[in-house]
Amino acid sequence: MFSNRWRFGWDRYTEVDLFTDHNDTNAETLSQAIRAASEEPDADGSVLFGHLQGTVVGLRYYTGVVNSGEMVGLVRQPQNPYDRNAVMVANIYGNQVGHIKKELAAAMAYVMDNKLAKVEGVVHSGTKNKFTMPVMLSFWGKEEKKNTVIEMMARRGYKLNTGGIGQAAVFFFFQLKNAFDNLFEGLMESKDGEKEAAKSVGTPLLPHQKKALSWMCARENKSGLPPFWEKRGELYYNTLTCFSAKEIPERVRGGILADDMGLGKTLTTIALILTNFHNGKPLPVETCVSVTVLNLYFSITVWCEQHLFIIKWLFACYQEGQSSPLKARTKKQMPPKLEGFQEDLDFAAALGGLISDTGFKKKKTSKKATPTLKDLKARATLIICPLSVLSNWLDQFEQHVSANVKLNVYLYYGSDRNRSTKFLSSQDVVITTYNILSSDNGDKSPLHVVNWLRVVLDEGHIIRNPDTLMSKAVLRFKAQRRWILSGTPIQNSVKDLWMLLAFLHLKPFDVREWWNRVIQRPVTQGNKEGLQNLQTLVKCITLRRTKNSEVNGRPLVSLPEKTVCVEKVELSQAEREEYELARNEGRNTIGRYVSEGTVLSNYAHVLAILMRLRQLCCHPDLLFYLSAFSNSVCSYISTPAELRERLIEKLRMVLASGSDEECSVCLESVRLPVITHCAHVYCRPCIAQVISTEKETARCPLCRSEIKTSELVEFPQEEMGEENGTNSEKWRTSSKVQALMANLLRLRSEDNRIKCLVVSQFTRFLTILETPLREHGFSYVRLDGTMSLKKRTQVIQEFQSSADSSPVIMLLSLKAGGVGLNLTAASHVFLMDPAWNPATEEQCIDRCHRLGQKRKVCVTKFIVKDSVEENMVKIQKKKQDLLEKAFGSTNTDRKASRISDIKALMEL
DNA sequence: ACCGCCGGGTGCC
DNA sequence: ACCGCCGGGTGCC
């Protein structure tokens, strides 16, 4: 009796499958157990400890079957009444297959419960008999746990086979990295043809948008097999996990639209909503002769009028005369109209052609509605977007939906938002923000009760961190179709993708374990096949075009021409003399370091010399003290205050230079910079760690001078952003300044509304340039890294404005702002000084040579003849190769290449 | 399960 | 006969 009861209890789990959501129950289901077991936040640093052949027993008691080569999951069952060490074996769908034999289970339980290792199983040869079968177990975990685990298992008589575990093939690493970077490139091919949007879409679609629409409709309607599934006889077989099932695997209805910013993702999505309702028919919408705008308008105003951005949006509408304030006000006072709801549903049902009007109504009230009816019932598309683009969505609906079409768009936002699920279901579109979502997160939240036709995540990469509330909320939507819109689907690593695939319900990868095993780990370890699989996966569900993409041999969108020319600048007699003096001096010094082999220990000094030369090329007043103290020179500085002053000066120079100073501890750009008494710059956390590890014996990683935490000097807060050192009385010009001004004056005489970007790595140079700009009456703004986000947006807005009073010149610090910066108002770019990294320059140019640019773009690079700048340009070309080779190469290699760079710069 | 293990039946060669 | 051997019953954790 007892035994039977329990057996029944466990057998229940065999019926659990991962294709069904179990949100409704609090009972711990097997699928949840597997999810929980595999939800280790960071499986990345895992290494393989070894393999072990084990046995799965008790097959005859369970329904789960496995194929040859199929992956299985191992789940601890501490509550098992027969053995608290029990380890259950389940297949991909979560059907139990059996148990690990108890002796082995006892050993594994210890390892698993103490999180010493994650154990994975693969059944290499299928069932030999129907009672037991062998399983290959592999143990994965943190390097430092490796020996403990091996010893632990050995003590219990299980010897982990550690032989033949090669490290990831480093050789292919570079290739793979490249392939990964290009993961989202070239995903266009010729997916389907073009599709015309429904009549209700008021704006004609561009060819590439029609293609996207066609692809999206196909993704929603076609019933093919998802990637890596194929039909084998009566069964559906997953070629990656070797799992097979009788039922056809659920297809992902949706995908990732990853077009570049500006290609019209919003418009295409609106077109999709209007064009592809149930059975591929257009969304049934009421049309009317009167001004439709008001309907949309009305629901928004009623619910959200207190929010500033809406007011802004309304204001924009007024201005454009799309509706009158008066009408809006009268409309606003009317009670919300909901009776259209039922009509719409009936209309939808009638369109579906499957059930009669009355039948539909009857079923609708019944709780046991079949899925088909539920599907039909779904009408609304839920759009989730960042607050910052909310008004843009409203604008776009306004703009692109035909004027005579009544589309119910509801903005689910604000404290008095309508939480009625009946109301929400009745809408055509509900828009909300990620923030609302994370606050409206419970199971009873209306957003999670409604059966959506479609859920669209705008800027979907926002949910890439699975630990956030909103990411969790996003996984619990009930929806038939799911879309992610994102210009940058991957920002850092493969990891970013998991959440996206999980949202899309891409089986079986929505369960972290299978994703980790099949894709993430192979890819991060440089496995070629893993990457290919990932590519295939992404290809199947993603459409991405960039501004450079071509369709039928023609560019998607044609950007205006861009010309780049280099203007050689001759130094004046005086400048040349000063430059040569500094150059000879520097050359001697560096030459000495090279011959002594002490370039690295005097690296700060070397950089300082180069910096001085680069600055001399721009303007003599750019010079800071050349704090020439390599460790040996420190002694002549007398007082601590003077030392501190000089260190700060030096630090300021490094920071202002924009030379992308590298921290020698983490080898990344320095964050929270501090300078040591020996004048080397590190990230504060990095060097602090060095000091805390080495204690009293701590030495500077670069020059081996003694260092102490108390001697780390930071940039004083009050000096941040203080840049008003030059006053116009002492101001003098330079050859480069002259060259720039000549260009600006010439342009102004041709067309006084031409806008220019003037770019330098030296913020002080920008300051120097302000004087002649003022003198010649140019209106300018300035954008550099020291400005607050708020100030930046304000400056950008000012510059982008087409108003007559808006500035014509932007002084831009090379590294300021992210890639997203949009400065299309400018059509001329002046790069005042060459950067170490040509990509930085390209990025900067792209800020104005991008979608939305109407004029030809003209880029001028000023390079001083016969100077370190010319050599930098030469190295730039080489640099691209170096950069690529730097992947996977060692610290020493990178340093070595730097030394050879320096030699080339100084012509040594 | 064409195994291993258990425990009862049995017992020179 | 407090053993070995035989053969039937039996079987995950």
Side-chain angles (χ1 to χ4, degrees), chain A residues 1-18 22 25 27-39 51-140 149 152-160 241-245 511 513:
Chain A
M1 274 303 279
F2 177 81
S3 144
N4 275 341
R5 188 162 62 90
W6 276 104
R7 186 166 293 166
F8 175 74
W10 290 107
D11 281 353
R12 262 184 61 230
Y13 288 127
T14 63
E15 286 155 28
V16 173
D17 79 26
L18 298 183
H22 294 275
T25 166
E28 194 202 47
T29 65
L30 183 54
S31 60
Q32 279 164 343
I34 291 182
R35 283 209 168 95
S38 61
E39 260 170 29
H51 300 289
L52 181 64
Q53 178 86 251
T55 314
V56 187
V57 295
L59 302 189
R60 68 162 138 162
Y61 301 103
Y62 308 100
T63 53
V65 286
V66 279
N67 299 303
S68 230
E70 182 169 336
M71 295 180 173
V72 290
L74 302 166
V75 183
R76 278 280 289 120
Q77 276 184 338
Q79 303 302 322
N80 188 299
Y82 301 96
D83 183 359
R84 59 189 173 81
N85 290 324
V87 176
M88 188 208 72
V89 180
N91 68 19
I92 302 265
Y93 277 18
N95 299 326
Q96 180 163 2
V97 175
H99 281 104
I100 293 293
K101 214 166 149 40
K102 65 172 179 294
E103 296 81 5
L104 177 53
M108 281 169 64
Y110 180 84
V111 166
M112 290 168 85
D113 293 348
N114 291 297
K115 305 226 181 304
L116 299 174
K118 168 105 185 64
V119 190
E120 297 177 354
V122 175
V123 175
H124 283 295
S125 55
T127 326
K128 225 189 289 166
N129 53 55
K130 54 181 169 150
F131 302 99
T132 65
M133 68 185 171
V135 59
M136 184 54 84
L137 303 169
S138 34
F139 290 66
W140 298 82
V149 170
M152 233 4 268
M153 296 301 292
R155 205 178 302 164
R156 305 207 181 212
Y158 296 99
K159 196 167 176 292
L160 284 192
T241 61
C242 300
F243 176 75
S244 64
V511 174
E513 168 159 8

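A quick note: this is a predicted structure, and the numbers were derived from the prediction, not measured. By convention in this document, chain letters (A, B, ...) are assigned in the order of the sequence lines, proteins followed by strands, and residues within each chain are numbered from 1.
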So, does the side chain of A:Y62 form a donor-acceptor pair with the base of C:dC12 at under 3.5 Å?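 For A:Y62, whose side chain was compared with the base of C:dC12, there is a donor-acceptor pair (under 3.5 Å).
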Check whether the side chain of A:D83 and the base of C:dC13 form a donor-acceptor pair under 3.5 Å.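 Side chain to base: no pair below 3.5 Å.
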Which base, if any, makes a Watson-Crick or G-U wobble pair with C:dC12, both distances under 3.5 Å?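 Because no pair has both required distances under 3.5 Å, C:dC12 counts as unpaired.
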Both distances below 3.5 Å, Watson-Crick or wobble geometry, any strand: find the nucleotide opposite B:dA1.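 Across all strands, not a single nucleotide pairs with B:dA1.
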To the nearest angstrom, how far is [X] atom [atom1] from [N] atom [atom2]?
X      : N      : atom1 : atom2 : answer
A:K130 : C:dC12 : NZ    : P     : 13 Å
A:L74  : C:dC13 : CG    : P     : 15 Å
A:M133 : B:dA1  : CE    : C1'   : 16 Å
A:E103 : B:dC5  : CD    : C1'   : 12 Å
A:Q77  : C:dC13 : CD    : C1'   : 8 Å

Does C:dC13 have OP1 or OP2 sitting under 4.0 Å from an N or O in the side chain of A:K102?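 Yes, such a contact exists.
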With respect to the phosphate group of C:dG11, does any side-chain polar atom (N or O) of A:R60 fall under 4.0 Å of OP1 or OP2?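 For C:dG11, neither OP1 nor OP2 has a side-chain N or O of A:R60 closer than 4.0 Å.
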Could you work out, with side-chain hydrogen bond (donor to acceptor under 3.5 Å, both in side chains) as the rule, every residue matching A:D83, not counting sequence neighbours?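 Scan of A:D83 (side-chain hydrogen bond (donor to acceptor under 3.5 Å, both in side chains), adjacent residues dropped) gives none.
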C:dC5 versus C:dT10 - spacing of their P atoms, nearest Å: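 About 25 Å, rounded to a whole number of Å.
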For A:Y61 and C:dC12, is the gap between ring centres under 5.5 Å while the planes differ by less than 30°?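 A:Y61 ring centre within cut-off of C:dC12 base, planes near parallel; stacks.
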Hey, is A:F131 stacking on C:dG11? Ring centres under 5.5 Å, planes under 30°.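 Given the distance and angle limits, no, they do not stack.
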Taking O4'-C1'-N9-C4 for purines and O4'-C1'-N1-C2 for pyrimidines, is C:dA1 syn (within 90° of 0) or anti?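 Base orientation relative to the sugar is syn.
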With under 30° as parallel and over 60° as perpendicular, where do the rings of A:Y62 and A:H99 fit, or are they tilted in between?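 Ring orientation of A:Y62 relative to A:H99: perpendicular.
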Just so I know, are the side chains of A:I100 and A:V135 near enough to count as touching, which here means a heavy-atom distance under 4.5 Å?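 Contact flag for A:I100/A:V135 side chains = yes.
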Straight-line distance of A:Q53 CD to A:L137 CG, nearest 0.5 Å: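 Output value for this atom pair is 8.0 Å.
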Less than 3.5 Å apart, which donor and acceptor atoms pair up between the side chains of residues 105-113 of chain A and the rest of the protein, not counting sequence neighbours?
{"unit_1": "A:D113", "atom_1": "OD1", "unit_2": "A:R76", "atom_2": "NE", "d": "2.7"}
{"unit_1": "A:D113", "atom_1": "OD2", "unit_2": "A:R76", "atom_2": "NE", "d": "3.2"}
{"unit_1": "A:D113", "atom_1": "OD2", "unit_2": "A:R76", "atom_2": "NH2", "d": "2.7"}

